[in-house]
Amino acid sequence: MAKKLTATDLNKLSKGINKTKTHPILDGQFEVTIDQHFKNSSINNIFTGLFEVVKDINKSELTELTFSRIAQQIGMTLMLREFTDLPIPNKNDFQTLIKVYENLLNTNIFVEVMNKMPEDQIRKVEKRFKDIKSTFDEIERKANETTATTAPGEVEHNGDSE
């Protein structure tokens with residue numbers, strides 16, 4: 001028979017998923033510490049941050065950018081913030097995070113660090129993103145069906161004329 005889970009047991013289990021590894025980057029000039037297990041709560045933080053960023057983008061900016069592009073650039077930056085010790089600001093501001101993304105990309109730090117992250121853990125984040133994206137796609141599809149069947153101001157009728 002299994003034993004009852006205690007707070008001590010829970011803390012021991014949690015310590016097992018807090019492993020990190022330090023890697024040299026930019027030919028050993030700097031080092032970065034990377035989580036080896038991406039906790040579900042941390043993955044949730046990425047998507048919470050992404051939603052906050054998207055929510056705060058004004059409508060004119062959103063029409064010029066696709067959700068996929070925003071999700072890729074901001075999402076990857078948030079992932080690096082969540083699972084590394086890179087100096088990425090905690091503020092979920094679109095312009096700030098895009099600037100950080102561009103700096104990381106232009107200095108090759110982005111590619112180096114991404115290549116050092118555990119592949120199976122990156123797949124966990126990708127799977128969650130696909131699940132969330134398919135949910136949003138379904139909501140958008142249903143919303144479009146609703147607006148396509150009844151134009152604003154139109155009243156549906158049964159075809160009988162009076």
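What you see below is based on every heavy atom in this structure, not just the backbone, and it leaves out hydrogens, waters and symmetry mates.
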- Side chain proximity check, I46 to F38, heavy atoms < 4.5 angstrom: no

- Under the salt bridge (charged side-chain N to carboxylate O under 4.0 Å, His left out) criterion, do E119 and R123 qualify, and how do the steps go? CA-CA 6 Å; E119 226 175 279; R123 282 194 298 275; 3.4 Å; yes

- Query: Any side-chain heavy-atom pair from M79 and M76 closer than 4.5 angstrom?
  - Reply: yes

- Message: Nearest 0.5 Å, please: how far is CZ in F129 from CD1 in I43?
- Response: 13.5 Å

- Message: Suppose we screen for salt bridge (Lys or Arg N to Asp or Glu O under 4.0 Å). Which residues come up paired with D120, at least two apart in sequence or across chains?
- Response: none

Can I get a per-line list of side-chain donor-acceptor pairs under 3.5 Å for residues 10-21, giving both atom names and the distance, sequence neighbours left out?
{"residue": "N11", "atom": "ND2", "partner": "A7", "partner atom": "O", "Å": "3.3"}
{"residue": "S14", "atom": "OG", "partner": "L10", "partner atom": "O", "Å": "3.2"}
{"residue": "N18", "atom": "OD1", "partner": "K39", "partner atom": "NZ", "Å": "3.0"}
{"residue": "N18", "atom": "ND2", "partner": "S14", "partner atom": "O", "Å": "3.2"}

- Quick one: does F83's side chain get under 4.5 Å of S42's, heavy atoms only? yes

- First locate atom CG of N90, then atom OG1 of T96, and finally report the distance between them rounded to the nearest 0.5 Å. 11.5 Å

- All heavy atoms of I122 vs all of M114, minimum pair found to be CD1-O, 3.9 Å

- Supply the atom-to-atom distance L80 CG to L104 CG, rounded to the nearest 0.5 angstrom. 6.5 Å

- Where do T84 and V113 come nearest, in terms of heavy atoms and distance? CG2-CG1, 3.9 Å

- Item | Minimum heavy-atom distance between V100 and P89, given as atom pair plus value | CG2-CD, 3.7 Å

- Here the pair of heavy atoms bringing T77 nearest to Q73 is OG1-O, 2.7 Å

- Task: Flag the pair D9 and K4 as a salt bridge only when some basic side-chain nitrogen lies within less than 4.0 angstrom of an acidic carboxylate oxygen.
- Result: no

- D35 vs E82 side-chain heavy atoms within contact, under 4.5 Å: no

- Message: Ignoring hydrogens, what is the shortest heavy-atom contact between Q36 and H23? Give both atom names and the distance.
- Response: NE2-NE2, 4.4 Å

- Query: Residues in salt bridge (Lys or Arg N to Asp or Glu O under 4.0 Å) with D85, at least two apart?
  - Reply: none

- Looking at CD of E112 and CE of M117, how far apart are the two atoms once the value is rounded to the nearest 0.5 Å? 13.5 Å

- Query: Does T22 reach the side chain of V32, with side-chain heavy atoms less than 4.5 Å apart?
  - Reply: no

- Message: Once rounded to the nearest 0.5 Å, what's the spacing between atom CD1 of I25 and atom CD1 of I109?
- Response: 4.5 Å

- Message: Could you report the tightest heavy-atom contact between L50 and G75, atom names first, then the distance?
- Response: CD1-N, 4.2 Å

- Task: With rounding to the nearest 0.5 Å, note down the distance linking CG in L105 to OG1 in T107.
- Result: 8.0 Å

- Message: Taking CD in E31 as the centre, count heavy atoms belonging to other residues, nucleotides or ligands within less than 6.0 Å. Is the count above 12?
- Response: no

- Task: Quick one: which residue pairs count as a salt bridge (Lys or Arg N to Asp or Glu O under 4.0 Å) with a foot in residues 91-107, not counting sequence neighbours?
- Result: none

- Considering residues at least two apart in sequence or located in another chain, which fulfil the salt bridge (Lys or Arg N to Asp or Glu O under 4.0 Å) criterion with R128? none

- If you look only at pairs with a residue in residues 96-122, which of them pass as a ring-ring contact (aromatic ring centres under 6.0 Å, His included), with sequence neighbours excluded? Y101-F110

